[in-house]
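Below is one structure, written out as structure tokens; the observations come after it.
Bear in mind the structure is a predicted one, so any value in this text is a computation, not a measurement.
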Amino acid sequence: MDWKEVPSHVVYRQVREDVIELLTDRPDAAGRTVPTCPEWTVRDLVNHLVDICAMVIGRLSGRAPESPPGGTPELPRLLARWAELGERLDRLVAEVAHPRNRVMAMDAFSHELDLRRALELPPPAGHPAYPSMLGVAVGGFSGQVIARGLPPLRIELPGAHWTAGAAPGQAGPPAATMRAPGPHDLYRTLTGRRTHAQIRALSWSAD
């Protein structure tokens, strides 16, 4: 895999196009439960993505789009609205730097993977989001390691590595190394989509 990071708006556009393509010919999937977000259906997941898109447009532009009348629209209308709003958001994210743009892209990518699980489809091999979004996920995990006073942990993948929990100016080697077989397993581990047993099954240099 090419570990070159790509901009947040490029990741977000790719995810949006993926999700719309996956669901355009599957309107009957709207009521299917999303196993990794068990309180949501597929329609709820897409509605969340549309709501986040509108919220970020409001944050970056100072004026949020008007909400459509009524309750949650049907899946085809949600997809059409996301396509419309998303083009506007792509331009804003490309023009207006904000630290939470990366978090928004990570949230969208996480839910694309949730959707693929719900539809019983394989994860996307070599998705351009992995390098950038793994950096965001490791950063969030690293902050939690520091907040809990835990020692640094080295995280390894074939071709890439990070040290989580190394505070600025902190010396000394990591207390342990965790190795994952690929970016998908690591990303889903760091974003709360793996059981304790699955996390223990990764390669650890220490207990």
Side-chain angles (χ1 to χ4, degrees), residues 5-124 127-137 140 183-184 187-188 190-193:
E5 294 194 8
V6 298
S8 297
H9 68 281
V10 175
V11 169
Y12 187 78
R13 181 175 62 245
Q14 181 67 57
V15 168
R16 186 176 69 252
E17 291 174 352
D18 288 349
V19 170
I20 291 173
E21 181 179 359
L22 287 172
L23 290 174
T24 295
D25 295 328
R26 292 182 173 92
D28 56 329
R32 186 177 297 194
T33 298
V34 180
T36 45
C37 304
E39 295 183 358
W40 282 358
T41 62
V42 166
R43 181 171 58 183
D44 293 332
L45 183 150
V46 176
N47 189 58
H48 164 79
L49 292 169
V50 174
D51 284 347
I52 294 295
C53 182
M55 181 186 72
V56 176
I57 288 174
R59 184 184 70 213
L60 296 180
S61 69
R63 184 176 180 181
E66 292 185 8
S67 299
T72 303
E74 294 302 311
L75 186 57
R77 287 181 59 199
L78 282 171
L79 295 174
R81 179 160 175 79
W82 195 23
E84 175 190 353
L85 293 178
E87 291 185 5
R88 180 178 172 189
L89 182 58
D90 290 343
R91 294 191 294 271
L92 285 169
V93 172
E95 295 168 358
V96 183
H98 194 287
R100 293 195 61 81
N101 289 347
R102 285 162 56 85
V103 178
M104 175 203 67
M106 187 188 81
D107 178 73
F109 182 51
S110 297
H111 289 315
E112 177 187 344
L113 299 180
D114 293 333
L115 174 64
R116 288 177 181 272
R117 169 80 188 280
L119 299 177
E120 300 180 355
L121 297 173
H127 197 292
Y130 281 118
S132 301
M133 299 302 98
L134 272 168
V136 179
H184 182 74
Y187 186 79
R188 297 300 267 176
L190 294 175
T191 54
R193 267 64 171 188

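Counting only heavy atoms from C-beta outward, the side chains of Leu85 and Pro65 approach each other to under 4.5 Å. Between Gln14 and Pro128 there is a side-chain heavy-atom pair separated by less than 4.5 Å. Contact of the Val103 side chain with the Asp107 side chain is not registered, since no non-hydrogen atoms from C-beta on lie closer than 4.5 Å.
Here the shortest heavy-atom pairing between Tyr12 and Leu49 reads OH-O, 4.2 Å. Here the closest heavy-atom approach between residue Pro131 and residue Glu5 is recorded as O-OE2, 3.9 Å. A pairwise comparison of heavy atoms in Ala54 and Ala64 identifies O-CB, 4.1 Å as the closest pair. Met106 approaches Ala137 most closely through the heavy-atom pair SD-N, 3.8 Å.
Screening Ile52, Asp51, Leu45 for a side chain to side chain contact (heavy atoms under 4.5 Å, CB included) involving His48 leaves a single residue, Ile52. With Leu23 as the fixed residue, the side chain to side chain contact (heavy atoms under 4.5 Å, CB included) test singles out one of Leu78, Asp18, Val42: Val42. Considering Met104, Arg102, His98 as possible partners of Arg100, the one that fulfils the side chain to side chain contact (heavy atoms under 4.5 Å, CB included) test is His98.
Checked against side-chain contact (heavy atoms from CB on, under 4.5 Å), Ala105 has the following partners two or more places apart in sequence or in another chain: Ser8, Val11, Met133. Residues passing the side-chain contact (heavy atoms from CB on, under 4.5 Å) test with Glu74 are Arg43, Pro76, sequence neighbours excluded. Residues satisfying the side-chain contact (heavy atoms from CB on, under 4.5 Å) criterion with Ser61, sequence neighbours excluded, are Ile57, Arg63, Arg88, Leu92. Contacts of Asp90 classified as salt bridge (Lys or Arg N to Asp or Glu O under 4.0 Å), with partners at least two apart in sequence or in another chain: Arg16.
Within the structure, the ring pair (Phe, Tyr, Trp, His ring centres under 6.0 Å) test picks out no pair touching residues 13-34 (sequence neighbours left out).
Side chain of Asp44 to backbone of Thr41: a donor-acceptor contact under 3.5 angstrom is found. Side-chain N or O atoms of Ser132 include one that pairs as donor or acceptor with a backbone N or O of Val6 at under 3.5 Å. Side chain of Asn101 to backbone of Val96: a donor-acceptor contact under 3.5 angstrom is found.
Applying the 6.0 Å contact sphere to CD of Glu95 captures more than 12 heavy atoms from other residues, nucleotides or ligands. Within 6.0 Å of the CG atom in Asp25, the count of heavy atoms belonging to other residues, nucleotides or ligands does not exceed 12.
In this structure, Met55 CE and Leu60 CG are separated by 9.5 Å, a value rounded to the nearest 0.5 Å. Of the inter-residue distances, the one linking Leu89 atom CG with His9 atom NE2 reads 10.5 Å to the nearest 0.5 angstrom.
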Show me the side-chain donor-acceptor pairs of residues 112-124 shorter than 3.5 Å, one per line, residues at least two apart or across chains.
residue, atom, partner, partner atom, Å
Glu112, OE1, His127, NE2, 3.4
Glu112, OE2, Arg116, NE, 3.0
Glu112, OE2, Arg116, NH2, 3.0
Asp114, OD1, Thr36, OG1, 2.7
Asp114, OD1, Arg188, NH1, 3.1
Asp114, OD1, Arg188, NH2, 2.8
Asp114, OD1, Arg193, NE, 3.1
Asp114, OD2, His111, ND1, 2.9
Asp114, OD2, Arg193, NH2, 2.6

Query - Intermediate values then yes/no, side chain to side chain contact (heavy atoms under 4.5 Å, CB included), Arg26 and Thr24 - result: CA-CA 6 Å; Arg26 292 182 173 92; Thr24 295; over 6 Å; no

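In this structure, Tyr130 and His184 have perpendicular ring planes: the angle between them is above 60°, well past the 30° mark.
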